[in-house]
Protein chains: 2
Amino acid sequence: MVMNRKCIIRLSRYKNALKRLKALGFVKVFSGNLADAAGVTSSQVRKDFSLFGITGNRRGGYRVDELVVKISQILGKNELQKVVIVGVGHIGNALLRYKGFEAGGIKIVAAFDIDPSKYTKAAEVPVLPLEEFRRFIQEHQIKIGILAVPDVAAHHVSEIMISAGIKGILNFAPIQLRAADEVIIGNINLEVELENLIYFVNAQDKADPAMVLADDE
Amino acid sequence: MVMNRKCIIRLSRYKNALKRLKALGFVKVFSGNLADAAGVTSSQVRKDFSLFGITGNRRGGYRVDELVVKISQILGKNELQKVVIVGVGHIGNALLRYKGFEAGGIKIVAAFDIDPSKYTKAAEVPVLPLEEFRRFIQEHQIKIGILAVPDVAAHHVSEIMISAGIKGILNFAPIQLRAADEVIIGNINLEVELENLIYFVNAQDKADPAMVLADDE
DNA sequence: TTTTTTTTGACATTTATTTCACAACAAATG
DNA sequence: CATTTGTTGTGAAATAAATGTCAAAAAAAA
């Protein structure tokens with residue numbers, strides 16, 4: 001099992017690139033094509049593939065269809081992934097309405113909040129009271145949750161999520177969530193991202209090669 | 001000039017940790033304290049600091065106040081950083097209303113869209129027609145923009161931004177934006193983030209050490 | 001003042017990641 | 001069928017990043 005985050009991110013990128021290439025009519029691709037599309041070297045593409053046991057044909061490259069299936073398998077995307085959101089403030093609400101997930105096999109199935117004025121139990125994606133969280137998670141066997149509550153509540157709410165059985169949290173609160181055992185935490189900190197950008201833009205004034213910040217990274 | 005993104009991210013983390021420690025009444029800290037707060041080793045903290053020429057006192061550790069000032073300097077945060085948003089959909093709107101930036105010296109000064117029904121020219125943070133983008137950017141000397149338009153528009157709009165003088169783009173559209181010369185691009189791709197989480201949660205079922213996904217990278 | 005204690009700062013070591021280089025191979029060509 | 005061509009797959013080399021170690025420094029204690 002490959003446990004290198006950068007590598008997994010690249011895999012996601014390859015998959016996205018493949019979808020675009022497929023839309024353009026590509027039936028097979030070479031490592032170099034994917035490298036260009038994903039902004040890496042062709043060696044890296046082949047190395048990544050070999051790490052996951054993905055093989056192509058010498059001289060023939062890779063079949064786009066097969067590649068998409070294999071990568072999706074590795075990323076666990078061949079079955080629909082159900083995800084919940086906790087915290088229906090501005091960010092939570094935006095994510096709730098974000099249309100980009102469905103195409104990628106990710107479905108937001110419910111959101112939770114403590115503010116009764118936000119409850120919409122009958123909606124297609126219902127907003128439910130946080131008290132119902134545990135029951136819902138266990139009933140629907142949900143493993144992934146997005147945390148979008150204010151920073152002061154984040155740690156407390158994350159504990160509720162974990163105790164209910166959530167195994168992976170994507171945290172938007174601007175605090176560094178401490179990882180409990182067996183739970184994976186991904187942090188998206190907007191201020192940190194902007195600070196990064198500011199640093200490198202300022203640095204640009206002194207040095208100058210163009211660059212794309214990796215995720216990562 | 002340090003060009004290692006992970007290192008800069010850690011610097012942001014140290015700064016956040018320092019703010020919390022300061023709120024708790026800390027006057028000085030040791031590398032070990034910061035390491036704990038940021039989830040790294042003390043060697044790493046000292047290494048990072050030495051990279052940026054930040055020094056402390058042997059036995060005395062580091063003064064919290066000085067450290068915050070120095071790190072803020074490095075991150076270019078001692079003056080207010082003005083940022084604009086392009087695209088006032090769900091995500092753009094959420095960012096527009098996000099309160100977390102101001103404390104960190106980042107100010108959203110305007111947003112832009114092509115939909116007249118969204119214009120609010122008189123608001124504290126106005127939403128303006130995209131046609132006014134160039135004039136506004138040049139008048140206010142803005143370097144950083146957040147791109148939150150639908151994917152099909154992202155590339156086109158990024159070119160408008162760059163030609164108007166924007167030097168750093170934080171891209172929320174789910175495409176890999178190609179970096180034009182002298183422009184820094186940071187990508188936040190929600191689907192990629194979730195895919196990562198899904199992968200590692202699935203992996204967890206087989207192997208088991210607890211983990212926090214680093215940014216970075 | 002001297003000794004002890006504690007922590008930094010620098011460097012050495014280890015570990016991880018990326019790139020290089022090329023043999024092995026499959027398709028295309030003659 | 002042999003030869004040429006172009007691409008993969010991989011082990012070795014290079015590069016980058018993190019960690020460990022300890023002398024030197026500074027504060028505190030004796």
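Since the model is a prediction, treat every value here as computed from it, not as a measurement.
- Under 3.5 Å, the side chains of R97(A) and N93(A) contain a donor-acceptor pair of N or O atoms.
- To the nearest angstrom, P of dT18(C) lies 13 Å from CZ of R5(A).
- No engagement by G60(B) is indicated, since no non-hydrogen atom pair under 4.0 Å with the nucleic acid exists.
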Are there any protein N/O atoms within less than 3.5 Å of an N/O atom in nucleotides 11-14 of chain C, and if so, which ones and at what distance?
none

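- A side-chain donor-acceptor contact under 3.5 Å links D113(A) to the backbone of V88(A).
- In this structure, the NZ atom of K6(A) is 9 Å from the C1' atom of dT18(C), given to the nearest Å.
- Not a single donor-acceptor pair under 3.5 Å links the side chain of N33(B) to the backbone N or O of A37(B).
- The neighbour count for I114(B) CD1, taken as heavy atoms of other residues, nucleotides or ligands under 6.0 Å away, does not exceed 12.
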Between the protein and nucleotides 22-24 of chain D, which nitrogen or oxygen pairs are less than 3.5 angstrom apart?
from: dA24(D); atom 1: N3; to: R58(B); atom 2: NH1; distance (Å): 3.0

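- When atom types are taken as modelled, the side chain of Q81(A) and the backbone of G76(A) share a donor-acceptor pair closer than 3.5 angstrom.
- Using modelled atom types, no side-chain atom of K22(A) and backbone atom of V64(A) make a donor-acceptor pair closer than 3.5 Å.
- For the contact set between residues 62-74 of chain B and DNA chain D, defined by any heavy atom under 4.0 Å, there are no members.
- The CG atom of D48(B) sits 13 Å away from the C1' atom of dG9(C) (whole-angstrom rounding).
- Going from atom CD1 of I9(B) over to atom P of dA17(D) covers 12 Å, rounded to whole Å.
- Counting only heavy atoms from C-beta outward, the side chains of Y62(B) and L34(B) never approach each other to under 4.5 Å.
- For the segment residues 19-45 of chain A, residues with any heavy atom less than 4.0 angstrom from an atom of DNA chain D are, sorted by number, F30(A), S31(A).
- Ion pairing between a basic and an acidic side chain is recognised when a charged N comes within 4.0 Å of a carboxylate O; R5(B) and E193(A) show such pairing.
- One atom, CZ of F52(A), and another, C1' of dG9(D), lie 16 Å apart when rounded to the nearest Å.
- The interatomic distance linking F49(B) (CZ) with dA18(D) (P) rounds to 15 Å, in whole Å.
- Remark: Y98(A) engages F101(A) in a ring-ring contact (aromatic ring centres under 6.0 Å, His included) (not counting sequence neighbours).
- Looking at residues two or more places apart in sequence or on another chain, you find a ring-ring contact (aromatic ring centres under 6.0 Å, His included) between F136(A) and F112(A), H140(A).
- Taking the side chain as every heavy atom from C-beta outward, Q176(B) and N16(A) never approach each other to under 4.5 Å.
- In this structure, the separation between CG on L75(B) and CG on L11(B) is 5.0 Å, given to the nearest 0.5 Å.
- Among the heavy atoms of the strands lying under 4.0 Å from G61(A) are primed sugar atoms or P, OP1, OP2 only; no base atom is included.
- To the nearest 0.5 Å, atom CG of residue L170(A) and atom CD1 of residue I188(A) are 4.5 Å apart.
- Note: M161(B) CE to N171(B) CG = 9.0 Å, rounded to the nearest 0.5 Å.
- In this structure, CE of M3(A) is placed 13 Å from P of dT17(C), rounded to the nearest angstrom.
- We find that CD1 of I8(B) is positioned 11 Å from P of dA17(D), with the value rounded to whole Å.
- Between N57(B) and dT7(C) there is no side-chain N or O to OP1 or OP2 distance below 4.0 Å.
- When Watson-Crick and G-U wobble pairs are counted only if both distances are under 3.5 Å, dA12(D) pairs with dT19(C).
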